[in-house]
**Student:** 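Quick one: the structure is below, questions incoming.
Starting from 1, each residue takes its place in the sequence as its number.
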Amino acid sequence: MIALEGEGVAQGSGAEVLGRGAEGSPQRVVIDSREVGPGDLFVGLIGERFDGGEFGVRALKAGAWGVLIGNQWAQEIAAACEQRIEMPE
């Protein structure tokens with residue numbers, strides 16, 4: 001098995017890391033958000049009927065290690081997360 005880390009996944013796919021969560025590597029790669037479990041990397045593919053990025057939040061709530069989704073969806077998730085973070089004084 002190849003060990004992946006967030007920066008490596010981003011670099012290899014031409015993506016940008018917008019947030020950080022769990023350290024280490026994903027357990028497996030999943031393209032169906034209904035099958036995501038803790039430690040999985042969800043890849044939201046764009047198909048004829050759906051844009052998988054739409055299900056990025058669902059994947060994160062299911063315990064995904066990370067999500068690889070289109071920029072529009074990623075920006076929305078990152079903005080929502082920033083609003084919920086309380087910074088210590």
Side-chain angles (χ1 to χ4, degrees):
M1 179 190 293
I2 299 172
L4 300 173
E5 293 187 9
E7 294 293 335
V9 171
Q11 183 178 13
S13 64
E16 177 183 358
V17 176
L18 296 179
R20 301 206 187 291
E23 294 292 323
S25 301
Q27 300 298 310
R28 62 186 186 144
V29 177
V30 179
I31 61 171
D32 186 335
S33 63
R34 297 169 294 187
E35 296 180 7
V36 172
D40 290 342
L41 170 61
F42 171 67
V43 179
L45 302 176
I46 299 174
E48 290 182 23
R49 296 184 183 160
F50 298 102
D51 179 342
E54 191 173 346
F55 305 105
V57 170
R58 177 190 292 180
L60 290 171
K61 286 183 177 179
W65 172 86
V67 295
L68 185 57
I69 55 178
N71 191 48
Q72 171 195 353
W73 303 109
Q75 293 292 336
E76 288 180 19
I77 291 172
C81 290
E82 284 180 13
Q83 291 175 3
R84 292 191 180 122
I85 296 174
E86 293 182 24
M87 299 299 289
E89 294 182 22

**Student:** Considering all heavy atoms of both residues, which atom of Phe55 and which atom of Ser33 are nearest to each other, and what is their separation?
**Tutor:** CB-OG, 3.4 Å
**Student:** List the residues meeting salt bridge (charged side-chain N to carboxylate O under 4.0 Å, His left out) with Arg28, not counting sequence neighbours, and say none if there are none.
**Tutor:** Asp40
**Student:** Once you round to the nearest 0.5 Å, how far does CG of Leu68 lie from CG of Leu45?
**Tutor:** 8.5 Å
**Student:** For residues Val67 and Leu41, report the shortest heavy-atom separation together with the two atoms involved.
**Tutor:** N-CD1, 4.1 Å
**Student:** For Asp51, which residues count as a side-chain contact (heavy atoms from CB on, under 4.5 Å) partner, sequence neighbours excluded?
**Tutor:** Ile46, Trp73
**Student:** Of the non-hydrogen atoms in Asp32 and Val30, which two are nearest, and what is the gap between them?
**Tutor:** O-CG1, 3.2 Å
**Student:** Could you tell me whether the side chain of Ile69 reaches within less than 4.5 Å of the side chain of Ile77, counting heavy atoms only?
**Tutor:** yes
**Student:** Looking at residues at least two apart in the chain, or sitting in another chain, which of them share a side-chain contact (heavy atoms from CB on, under 4.5 Å) with Ala62?
**Tutor:** Val36
